[in-house]
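A short worksheet on the structure shown next.
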Amino acid sequence: MENLTNLVTMAYLAAGILFILSLGGLASQETARRGNLYGIIGMVLAIAAVLALAMADTPRPTTLPLMLGALALGGVVGAVLAARVAMTSIPQLVAALHSFVGLAAVL
């Protein structure tokens, strides 16, 4: 279990670094694709670490379906919002997604 905890900690650290690189990459149009890629890789790494720790710490049969359901629901909501927003309305999309982050923090 200690090895898993160390591995998850390293994954969190790597994900955090990738998120910072993502923000730096999104600062200009020339590096935006790379910034998005860093963010995607960081999020996949963070989600994998959370799933690994949750499955090792609380091996209940409901853990994985609940987490995957939350991921699917969040993905669907994000995809619908992104599909409905025109390119000129990106600030509104960002504001909408930030409100979901705030709601997640409250919950």
Side-chain angles (χ1 to χ4, degrees):
M1 182 68 176
E2 184 177 328
N3 287 337
L4 178 63
T5 304
N6 290 339
L7 188 61
V8 167
T9 302
M10 295 283 290
Y12 286 153
L13 181 62
I17 291 169
L18 286 167
F19 292 145
I20 292 168
L21 290 173
S22 173
L23 290 174
L26 294 175
S28 73
Q29 290 180 347
E30 292 80 25
T31 58
R33 283 190 192 270
R34 186 176 35 200
N36 276 333
L37 183 62
Y38 288 153
I40 291 167
I41 293 169
M43 185 54 69
V44 167
L45 190 58
I47 290 171
V50 167
L51 284 173
L53 195 58
M55 294 307 294
D57 191 31
T58 55
R60 292 184 297 231
T62 58
T63 301
L64 186 60
L66 283 175
M67 293 182 88
L68 292 177
L71 279 170
L73 179 63
V76 167
V77 169
V80 167
L81 283 175
R84 288 187 177 176
V85 174
M87 287 302 287
T88 56
S89 300
I90 292 297
Q92 289 87 341
L93 174 63
V94 171
L97 294 177
H98 282 178
S99 67
F100 283 118
V101 171
L103 178 62
V106 168
L107 293 175

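Just the heavy atoms: all of them, side chains too, but no hydrogens, waters or symmetry mates, feed the values below. This chain uses plain numbering: 1 for the first residue, then up along the sequence.
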Original post:
Val44 and Ile17: same hydrophobic cluster, using ILVMFWY side-chain contacts below 4.5 Å?
Top reply: no

Original post:
Leu26 and Tyr38: same hydrophobic cluster, using ILVMFWY side-chain contacts below 4.5 Å?
Top reply: no

Original post:
Is there a path of hydrophobic side-chain contacts, each under 4.5 Å between heavy atoms of I, L, V, M, F, W or Y residues, that connects Leu37 with Met43?
Top reply: no

Subject >> Any donor-acceptor N/O pair, Ser22 side chain to Gly35 backbone, under 3.5 Å >> reply: yes

Subject >> Over all atoms of both residues, closest heavy-atom pair of Thr31 and Ser28 >> reply: OG1-OG, 3.0 Å

**OP:** Please report the shortest heavy-atom distance between Tyr12 and Ala49, naming the atom on each side.
**Re:** CE2-CB, 3.8 Å

Subject >> Nearest heavy-atom neighbours spanning Leu45 and Ala14 >> reply: CD2-CB, 3.6 Å

**OP:** Say whether Val50 and Phe19 are linked into one hydrophobic cluster, either directly or through other cluster members, by side-chain heavy-atom distances under 4.5 angstrom.
**Re:** yes

**OP:** Could you tell me the separation between the CG atom of Leu18 and the CG atom of Leu13, rounded to the nearest 0.5 Å?
**Re:** 9.5 Å

**OP:** Is it possible for you to say whether Val8 and Leu71 belong to one hydrophobic cluster, with membership spreading through side-chain heavy-atom contacts below 4.5 Å?
**Re:** yes

